[in-house]
2 protein chains.
Amino acid sequence: MDIAKAAGVSKGAVSYALNGRPGVSETTRERILSIAGDLGWAPSNPARALAPGGRVGAIGMVVDRPARSLGIEPFFMQLVSGVETELAAAGIDLMLQVAEDIGAELAVYRRWAAERRVDGVVIVDLRVDDPRPEAMGVLPLPAVVLGGPGDTGGLPCLYTDDGASVREVVHYLAALGHRRIVRVAGPEDFVHTGDRTLAFQQAARRAGLEEARTVHADYTGEAGGRTTRRLLAAAEPPTALVYDNDLMALAGLGVASEMGVKVPSQLSIVAWDDSALCRLVRPSLTAISRDVFGHGRIVAGMLNRLLAGEHVEDRETPVGELQPRGSTGPLTP
Amino acid sequence: MDIAKAAGVSKGAVSYALNGRPGVSETTRERILSIAGDLGWAPSNPARALAPGGRVGAIGMVVDRPARSLGIEPFFMQLVSGVETELAAAGIDLMLQVAEDIGAELAVYRRWAAERRVDGVVIVDLRVDDPRPEAMGVLPLPAVVLGGPGDTGGLPCLYTDDGASVREVVHYLAALGHRRIVRVAGPEDFVHTGDRTLAFQQAARRAGLEEARTVHADYTGEAGGRTTRRLLAAAEPPTALVYDNDLMALAGLGVASEMGVKVPSQLSIVAWDDSALCRLVRPSLTAISRDVFGHGRIVAGMLNRLLAGEHVEDRETPVGELQPRGSTGPLTP
DNA sequence: CTCGGTGACTGAACCGGTTCAGTGCGTGAA
DNA sequence: TTCACGCACTGAACCGGTTCAGTCACCGAG
């Protein structure tokens, strides 16, 4: 170790000095730190990780939504930004991987664990009967789930009460006079999709709506557009559509325009996840706004504490708030 | 090493067997591989990296565009997908980091190099007088540049002839009868912005346009919208706008609609980077289409070969092609 | 039968940190 | 004066691979 030589001490002393541990005098510590600074030296991460009890200093995220939707789906990059902001302070890096399906995702986790590539992972898009939490139990790979609660197999999770937001949307649309509302949802096997569906049906019944259905798509613009086209072509089309993400809502708006259906006078549109997209298009999209960046920070913080050996409680984030904009309004003949 | 014990050989033999190197008999190799498979064993990455000449098995990418535009900018996620697809085959991971500015980006490279976090990096968004290539020369961190050619300080690069695409756009718009075209460009200090500007002015002169200006924005939807609003409010507004990315084009389309300017009968709009967004909105956006995913694959492959010690030549990608859609057409009174 | 050569495998050094059991020294109390 | 104690620091083991110099058995040629 060249720092040790330069300072004329043993490498053990250097280790103590740099990690702020007792065992060296304050003057020696300062001398070592100053030399390290001059040399632009920093401890080798592989060596550190290799030492008994050493950590790799990186966490992983795998995304397995359809690759073509990934590019535009604002959700993930915002989440990643939030996660990184939190990790950067702790000197931890983020490994990102895209996978084709949940099987490939599990293979990535297994490889990461076997090769000691990461210290822990954040699991997103929790499914019904999700195989991942159980696999994590076997894998010695600490994990935090974004989603739930429930079905997390004992893993700590960060969740939102999506039902409350759904109820707010239904009340709002009902108050505007809408009686036929269809929800264009995400994949059926996502846990939060099921939560929202349940809340939607209950709120619709309570509001005495004439029609309140949920149809499933896959978050891509293509699917959102196709589904909207089918819905608007019906004999008695819905007068309001609620989408599970903003990309599908955007596609729906495009299809409405293409079919000559006026928004909002003939059709109201509500999006979930209020990214900048919603504000850029005309009419601007009414949306349920969540602090996705903040979610990333919180979930990264939870994982950090989990890695430090602390006990981590499940945590709930504030309910997403309805942002009324130009795409919703009363029906006008 | 538990595999060695299980197979009754030394750990050296295990190393030879697993890396396909000579020094073990074929029968022993198969026995070791089968035991490793049964145990779900894989070599520890930190240990491997620590060995003399060892590689970390990860490459890094830092993105320092404004954080708020990152979420929706489809370009990066597509690029990342492409990079990963190429790397996955080689068992290499990707570290992603967002930075506030180019200084923070350099700090990340320095840390990665000092701590041996990655084997190499991909540099994106090359600037005029970019400090990064020079810094890389000092840093012992192999790098490949996406952009250029020129100003890459000797680093291998993957570049596109943006000028050709610009000329195609100008000819196309001129043929439609447009005489006043304004280009809403990205930041002035990006190398490719300058390349496009130069080609734009030349093509405009050759086409004998009445007005052909370039104004600069920062790729965000907000800036794109604001700039468009200002341009359309002029006494003699342009009849065609060419945007340097699709997000600003989308914002421009929104502003036009808000101001009652009809697209394409009163205003034509062309976007750069043809993501799904361009096909989702109405009218759909005419765009210059590039295979960003493919760019990612190629640049990752170049970095891979560079890390293997091979000499890597600069490489040019196919020119982006104009995809005419509903947002462009002749002026109709 | 002997000798040289080759293939299969072992043992140990090495990478660059962390950590723990000592070691030596100075100090204050008995 | 002596002894126990605490502090600053050293030396060596350790993490889990890779790699190189040997060792050994076996085989074919002379």
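All figures in this text were calculated on a predicted structure; none of them were measured in a lab. All heavy atoms count here, side chains included; hydrogens, waters and symmetry mates do not. We name chains A, B, ... by the order of the sequence lines, and we start the count at 1 in each one.
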**Report entry** All side chain to side chain donor-acceptor pair (under 3.5 Å) counterparts of A:Glu310, not counting sequence neighbours
**Finding:** none

Query - Partners meeting side chain to side chain contact (heavy atoms under 4.5 Å, CB included) with A:Ala114 (sequence neighbours left out) - result: B:Ala42

Report task. Check side chain to side chain contact (heavy atoms under 4.5 Å, CB included) between B:Arg48 and all other residues, then give those that pass, not counting sequence neighbours. Result -> B:Asn19, B:Pro43

Query raised in the report: Considering residues at least two apart in sequence or located in another chain, which fulfil the side chain to side chain donor-acceptor pair (under 3.5 Å) criterion with B:Glu86?
Result: B:Arg297

Query raised in the report: Taking OP1 and OP2 of C:dT18, is either one under 4.0 Å from a side-chain nitrogen or oxygen of A:Asn19?
Result: yes

Report task. Kindly say whether B:Gly57 contributes a backbone atom to a donor-acceptor pair with the side chain of B:Asp93 at under 3.5 angstrom? Result -> no

Query raised in the report: Got a sec, which residues hit side chain to side chain donor-acceptor pair (under 3.5 Å) with A:Asn304, two or more places apart in sequence or on another chain?
Result: none

Query raised in the report: What residues, two or more places apart in sequence or in another chain, satisfy side chain to side chain donor-acceptor pair (under 3.5 Å) together with B:Arg31?
Result: none

Report summary line: Axis-to-axis angle across the helix from C:dC1-D:dG30 to C:dA30-D:dT1, five pairs each end, nearest 10 degrees, ~ 60°

Would you give me the side-chain donor-acceptor pairs under 3.5 Å for residues 131-154 of chain A, sequence neighbours excluded?
from     : atom 1 : to       : atom 2 : distance (Å)
A:Arg132 : NE     : A:Asp130 : OD1    : 2.9
A:Arg132 : NE     : A:Asp130 : OD2    : 3.2
A:Arg132 : NH1    : A:Glu105 : OE1    : 3.4
A:Arg132 : NH1    : A:Glu105 : OE2    : 2.8
A:Arg132 : NH1    : A:Val124 : O      : 3.0
A:Arg132 : NH2    : A:Val124 : O      : 3.2
A:Arg132 : NH2    : A:Asp125 : O      : 2.7
A:Arg132 : NH2    : A:Asp130 : OD2    : 2.6
A:Thr152 : OG1    : A:Leu155 : O      : 3.1

Query raised in the report: How would you list, by chain and number, every residue that makes a side chain to side chain contact (heavy atoms under 4.5 Å, CB included) with B:Asp291, sequence neighbours excluded?
Result: B:Phe293

Query raised in the report: Near DNA chain D, which residues from residues 46-59 of chain A have a heavy atom under 4.0 Å away?
Result: A:Leu50, A:Ala51, A:Pro52

Return the polar atom pairs (N/O with N/O) between nucleotides 20-25 of chain C and the protein under 3.5 Å, or none.
from   : atom 1 : to      : atom 2 : distance (Å)
C:dC20 : N4     : A:Tyr16 : OH     : 2.6

Requested in this report: With sequence neighbours left out, write down each residue that passes side chain to side chain contact (heavy atoms under 4.5 Å, CB included) with A:Ala51, or none if nothing qualifies.
Outcome: none

